[in-house]
Amino acid sequence: MFESSSSLSSSDSDDDDEELQNILLNNDINERRVTPKIKNYMENVVVRYTNIEFKSHFRMERNTFYFLLYFIGPKLDNLSFRGREKINAEKQLLITIYVLATPNSYRSICERFDVARSTAWLCVKRVVRIIYSIRNQFIRWPTNEEAQTTWTNIQRLYGFPKVLGIVDGTHINIARPKKDANSYINRKGRFSMQLQVICKDDLSFIHVFAGMPGCVHDMRVFLYSGVQRYCTPEYFPEDSHLLGDAAYTIQKNVMVPFYDNGHLIRRQKEFNTNLSSARITVERAIGLLKGRWRYLLDKLPMTRTDLIPYYIVSCCVLHNFCLLNNDAIEIPVIIPDMLHEIEPLAVSNELKEEGNLKRNRLMEIITNNNV
């Protein structure tokens, strides 16, 4: 099926050493002494947190955390730290979740957990790789039965039929990359990396794709993500489709709004209204992702563009993992930046014509249902 994946390759050990050197060189000269740290924070403080306090710090319930630890803990116990201090699986995971859940610096995190910065960085990187490795167990394309549930719920809520999922892109702001920095400047003038998600009605992701530079158009990200190749009856049963905004090109399995040239007829406006209402779902999903895993919310403090996709996709895995365990969190809806004023990229005329014919049929259905 689909591989929820990064578009970039893994890094080598030389790059890791360079990143560690950057972390250590960023220390003030006075900080090269042994910095005072909080002792036994995990053993004496975390264990005393109430469930509400635990969730406020780690953005997931205690039961969810321990279920995740049970799931990946054996892999963490086998990690070697190349002569550095050994820390157990629970502490490794707790540090990683804390990093992804808070905007705190490594300085404050290391003081809290009583570890060196290099150890903390290696720990988080390795736990993220393990979470990334289980992505296809938690982010997967729906079965026919699951697809039917999705389109039934979306039609009931928003009046739009046969919606298998809703696609959208969002920009993850990053620090200025070391290589090809200009490629990562988006239309807002910020350095960013693209994340494309497809979500269901319950806000969980069925496909994610991260790693394209911020300057790349949403439709080109869609083509590179591999979803285009699977626009077939096998993956879209019963003539189902995705919903997208005007950045995407219409085709049989991707429905987009009518272009508003100021002369839309009433039925076309109703179609656009129903589509926009349903698309609030993906905006809520992205808001939940960034609101829970605040490492993605402001600016991801990394310059290694080969590593960043692992962190982004791992947050998406944790997003689904929490929803699977009914671990909800209240967050405001974050409307993604509208960076795609330009026209969508073209697909074949045949696919486009199929999409136009289908959109007109759906318009008639929506109009009749609204009567």
Side-chain angles (χ1 to χ4, degrees), residues 2-11 132 135 139 165-199 205-231 242-251 253-257 259 279 282-283 285-287 289-290 293 295-316 334-348 351-352 355:
F2 286 81
E3 181 181 2
S4 307
S5 64
S6 156
S7 62
L8 297 172
S9 62
S10 60
S11 61
Y132 177 86
R135 64 195 182 282
I139 304 176
I166 306 171
V167 61
D168 201 7
T170 186
H171 288 251
I172 308 297
N173 293 327
I174 62 175
R176 179 187 176 90
K178 294 180 180 179
K179 301 177 182 178
D180 302 321
N182 289 340
S183 298
Y184 291 86
I185 300 177
N186 61 35
R187 294 176 67 84
K188 295 290 185 179
R190 304 168 185 158
F191 296 105
S192 69
M193 185 171 284
Q194 294 263 27
L195 168 63
Q196 177 186 279
V197 302
I198 303 175
C199 78
F205 300 136
I206 61 174
H207 190 273
V208 302
F209 180 75
M212 298 298 292
C215 68
V216 179
H217 190 283
D218 282 12
M219 187 60 194
R220 189 172 295 279
V221 176
F222 183 86
L223 297 174
Y224 275 106
S225 72
V227 178
Q228 181 68 58
R229 296 196 305 270
Y230 293 93
C231 289
L242 303 175
L243 295 186
D245 62 16
Y248 298 94
T249 303
I250 189 169
Q251 50 189 299
N253 298 121
V254 183
M255 290 293 105
V256 302
Y259 175 69
R279 284 198 67 259
V282 74
E283 292 170 357
I286 292 172
L289 171 71
K290 291 185 175 182
W293 307 114
Y295 197 64
L296 307 179
L297 186 57
D298 182 22
K299 182 172 73 173
L300 206 154
M302 297 179 64
T303 59
R304 289 274 303 278
T305 55
D306 59 326
L307 286 183
I308 291 173
Y310 290 94
Y311 286 71
I312 297 173
V313 173
S314 294
C315 287
C316 294
I334 300 172
I335 305 299
D337 290 336
M338 302 301 290
L339 304 176
H340 34 62
E341 294 90 350
I342 58 178
E343 290 292 318
L345 300 177
V347 298
S348 71
L351 290 175
K352 202 170 182 179

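These values consider heavy atoms only, across backbone and side chains, with no hydrogens, waters or symmetry-generated copies. Keep in mind that this is a model prediction, so the values were computed, not measured.
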How far apart are the closest heavy atoms of [X] and [Y], and which atoms are they?
X	Y	answer
T303	A175	CG2-CB, 4.2 Å
V256	Y248	CG1-O, 3.5 Å
P309	G211	CG-CA, 3.8 Å
P177	T305	CB-CG2, 3.7 Å
L195	A210	CD1-CB, 4.1 Å
G244	P257	O-CD, 3.4 Å

Beyond-backbone contact of [X] with [Y], side-chain heavy atoms, under 4.5 angstrom:
X	Y	answer
T170	K290	yes
V254	M219	no
S192	N173	yes
H171	M193	no
V167	V282	no
F191	I185	yes
D245	R279	yes
P301	Y295	yes

Quick one: does [X]'s side chain have a donor or acceptor within less than 3.5 Å of a partner on [Y]'s backbone?
X	Y	answer
Q196	F222	yes
S314	Y311	no
Q194	V221	no

About how many Å separate [atom2] of [Y] and [atom1] of [X], when rounded to the nearest 0.5 Å?
X	Y	atom1	atom2	result
L351	I250	CG	CD1	11.0 Å
L297	L289	CG	CG	9.5 Å
D218	T249	CG	OG1	10.5 Å
C316	R135	SG	CZ	12.0 Å
I286	I172	CD1	CD1	8.5 Å
R304	Y310	CZ	OH	10.0 Å

